[in-house]
Amino acid sequence: MQNRASSVEKSRLITRRVFMLAAAKLILLGGITSRLYSLQISDREKYELLSDKNRIREWKTPPQRGFIVDHFNNILADNDRVFQVHLDLDQIKDFNDIIFKLKNILELSNNELKKIYREKERLKPWDTLVASDNLNWTQFSKLNLYLHELEGVKPVVSSSRFYPYKNSLVHVVGYVGAASQKDIERKDVIKENLVPGLKVGKSGIEYAKETQLIGRYGIKRYEVNSSGKRISQIDYIKETQGEKIKLTVDLEVQQLAQELLKGKAGSISAMDIYTGEIIAMASSPTYDPNKFTHGIGHKDWGEIRDDPLKPLVNKSIAGLYSPGSTFKPLVALAALEFGTIDPERPILCKGHKHPYELYDVKYHCWKKQGHGYMRLRNAIKQSCDIYFYEMARLLGVDRLAIIAKRYGLGSNILKDLYFDEKKGVVPNTLWKKNAIGKSWYLGETVINGIGQGYIQTTPLQLCLMTAQIANGGYKIKPHIIRDESINYESARLKIANQFVNETADFSNDEKFLVDRDYKLYERLYRDPKNIEFIKDAMFGSTNEQYGTSYKSRYDDVKYQYAGKTGTSQVKRITEEERKLDLDQSQIEYKNRDHALFIAFAPYKNPRYSISVLVEHGGSGSSGAAPLASKLIKKIIDRHSLREQIEKGSTSLA
Amino acid sequence: MLTERLNTRNYSLFEKLKSVDYFLILIIILIGAISVFAIYSTERGEFSFYTKNHLLRLLVFFGMFLVLSFVRITFWYKNAYFFYAVCVSLLFITLFFGLMASGSRRWLDLYFLNLQPSEIMKIAIIVCFARYYHRIQTAEIQNYKFILVPLILLLIPCYLVLQQPDLGTSILIAGTGVIIIWLAGLNIKYFVYSALLLIVSLPFAVSLLKPYQKSRILTFFNPDRDPLGAGYQIIQSKIAIGSGGFFGKGFLKGTQSYLEFLPEKHTDFIFTLFSEEFGFIGSIMLLLLYILLIYRIISIGFYAKSFFSKLFCFGFASAIFLYIFVNISMVLGLLPIVGAPLPIMSYGGSSMLSIMLGLSIVMSCKIYSQDQISNY
């Protein structure tokens, strides 16, 4: 019985314990359930996000840069397909080993290796390093062959800038290069679009119009497995191309201008005198912007940087020169406008034996034997310095400065488009006080009259000045990016419209004798007769005997132009030198005169203005005018083509 | 007096069939079916190697379960020690002749099956203890002599399995043994003492662990310690389960497992995959099925006449609970990752064999519930 009792007791005990255990189990189950609840319901979103992050990997594809085209829609800045190698640093276990393999496969040079290591120092461990961004096809296919041995190495087909006309437009269009930290900080749009190997504008239009050109990056979303291998593409938001930027430049004219400057240092600018469209803006020497796209080599960079002719300077807008005699038409115009000279008054130029004297300082004319008696028209035509010394003295520098500024000197004319554009200097008494801290001397006024002294201009400013004289004295807005709202007809109409409610009494309009702002197409002159006088004198300078650019004239009315030469001294001529009377070729290059020439064409019904500057090119008549002459022919020959494009006919594009 | 008298009687086939627990069979079939779908999903919806093998094993072992269910419970009683001895010997053989895989020697090559004796040991220990305690009076249980013997019986297989090394299975065997000792009625104070002793000796025990085991435990406490290394499994498993949400991502749509973020998804992490695809609701349903299974086994234990049957049923039910709890807690990041399969669901022949064997003994308890096994 005891056994039986014991058995019953045992059963009871085990039952009790089973229940206790069951209770414990339920508690534990509750724990599991609440854990499931917290993972799957409370924190669901967090884990969904993590799961997607696991599953989906995004690759940014580089944005497509917008094209830059000329007036005839020739593509000046194109995009080319390039083959690149990207290294995902976080996926590379042994960096040195991978680089060693890459070196053998791609036959990288030591310099390139150094560059890679330098780049790696700069990057964060999870960044992507662009080991090479311009492989040839052989290298690229070889790389793909060995890819299985190269974990973290990614061959990428990308697009990059390509300049088909190489060095013809580098100063206008600019070039691109890898985005630097400074670039990223400069523009948000660069930061947004930053992908490994992104190229951004470094100069010119490429730099100035980054926001429009850059485009928008694309996104490729891939489903990846745990080892990061792409399983399938989920999503592809295609990258977009940036805006097309259309320039006013005519490629052929530009190319000719560059060709004419070959071997020289200088600038040629050409402009439409009504629309302000810049047809050409050449600067020499030049360089190939394609070299910069994939990072310029040390040697190439050294060559460009150390070239004494300074290819990196865009001489048209960043080169400052004394305008020399090309300033004379403006001096004459100022004197006429202010009425300080009677154009019929003769002044005697007696040559070097009897120079112009002022307070015991002698001022020579360029012509040794002298010009004899000169009236204003002849003085412009033959560029007599004596006449202009006297005229400037009578005019005074402050009045001259008012007119000089009005016609476009002394200020940035392309505004903020080119960061390297220089303002130049149009001196007056106040300027000297502020800038130098000294009073103005009359002698400075005298040499200012022949475009020497403090006055500093850029070739493009001279081109604008010529344009605004040539168009009859109306303000225009020079521009190099095509503006659809501006065309020849509308410009003429706006010029004409300002006279509708105004009966023109030109004799005593004082408001044209003060320094003030002028509206677009507003008349800049007091009396149109004065403008006509200057234009006529410039005609004489080129097309009449004894004119300084008579040799470069065209007899054909179609090409006939009016111009003014300029020869600007870079160094004061001492008395001894004057006695030696050296030919320019006998003088050291850096001391030779700059040759300048300004012109507008055709003389009858003018449409274009041009300025030529050849550094140390000798006299304006022999060093600059012939170049201008050739370019003018080209521009006029292409005039009707240009008009057709302007009117919307793209059949010629 | 010491000869055992077995109080047996004859059952007709009809009686036997009538007393079969069809409800239990239904639950087993349901869980089995779910497991096939889950394994099918690990293969991205392809009926290939794992799915085929799993289905085949399920069918074979289910058949075995049905046949063995009609083995008389007294058979197990009589051969309990023998069964235990065989299993210990197999473990011993495994240590020397076992198949080596990923750093441990756990399997015996039986040509048709790579047998993992430690899995069978999980059942053998229950049978052995049930037999042992069957004879012992309540009063005697507290006696040191009767505490020492089961402890030794338990430590031998635990030690052998630990030598393989297989910490997970060793812990499961130990846990099972301790639960049965508890069910048998050992005074609660011993459990409290040993728990205290365990805590005190824990630092010492940790120093004996293999470096990877240590790292697993450290990682459990802080999975972010090494997110791509040892913590990877826990983090990825939690992501998979969490991202499943309430309704799950849908059958065959579990991206975590599909894209191979889940380690060992066929075996230890099968619940993760299931939970990712079927969500909270599916996981709860599966848990409920397991609860029903356990409940059914316990109720069979209640109706069994012999103490042996009772103890086996209760012990086995608790063991199943332990396996489930350890496995699920592990994949939920509640316990460190130790190899512990989910009963029936996980891919693996030995684990399936062991569960089916246990279930057949339970069924035998049901069919022969009227069998009295005398103590003397």
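Quick caveat: nothing in here was measured; it's all calculated off a predicted structure.
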Validation row: A:K103, A:L113 side chains within 4.5 angstrom (heavy atoms): yes
Spacing of NZ belonging to A:K101 relative to CG belonging to A:L150, to within rounding of 0.5 Å: 6.0 Å
Option in B:F325, B:W182, B:F246 with maximal non-hydrogen atom pairs under 4.5 Å from chain A: B:W182
Gap between atom CD1 of A:I92 and atom CD1 of A:I98 - 0.5 Å precision: 5.5 Å
Residue-level contacts of residues 292-302 of chain B with chain A, using a heavy-atom cutoff under 4.5 Å: B:I294, B:I298, B:F302
Interface moiety of B:I141 toward chain A, non-hydrogen atoms closer than 4.5 Å: neither
Best-contacting candidate, B:G244, B:A184, B:G245, against chain A by heavy atom pairs under 4.5 angstrom: B:G245
Polar contact flag, side-chain donor to acceptor under 3.5 angstrom, A:S51-B:K249: yes
Mutual orientation of the aromatic rings belonging to B:F307 and B:H134 [parallel < 30°, tilted 30-60°, perpendicular > 60°]: tilted
Neighbour count above 12 (heavy atom, 6.0 Å) for A:F19 CZ: no
Value rounded to 0.5 Å, distance of CD1 in B:I136 from CG in B:N143: 9.0 Å
Residues A:E192, A:R216: salt bridge by 4.0 Å N-O rule: yes
No-hydrogen, no-angle side-chain donor-acceptor test under 3.5 Å, A:S180 and A:D183: yes
Engaged part of B:L332 at the chain A interface, taking heavy atoms whose separation is under 4.5 Å: both
Residues in residues 269-277 of chain B that sit under 4.5 Å from chain A, counting heavy atoms only: B:F271, B:S275
Salt bridge A:E107-A:K142, side-chain N to carboxylate O under 4.0 Å: yes
Which residues share a ring-ring contact (aromatic ring centres under 6.0 Å, His included) with B:Y190, sequence neighbours left out: none
Members of residues 33-49 of chain A whose heavy atoms come closer than 4.5 Å to chain B: A:T33, A:R35, A:L36, A:Y37, A:L39, A:Q40, A:I41, A:R44, A:Y47, A:E48
Contacting region of B:A240 [heavy-atom separation from chain A under 4.5 Å]: neither
B:Y303, OH: over 12 other non-hydrogen atoms inside 6.0 angstrom: no
Salt-bridge contact B:D371-B:K305 (side-chain N to carboxylate O under 4.0 Å): no
Centroid separation A:Y117 to A:F95 less than 6.0 Å: yes
Spatial distance of atom CG (B:L252) from atom CD (B:E43) [nearest 0.5 Å]: 11.0 Å
Aromatic plane relationship, A:F83 with A:W137 - under 30° parallel, 30 to 60° tilted, over 60° perpendicular: tilted
Choice from A:L13, A:L26, A:I14 maximising heavy atom contacts with chain B below 4.5 Å: A:I14
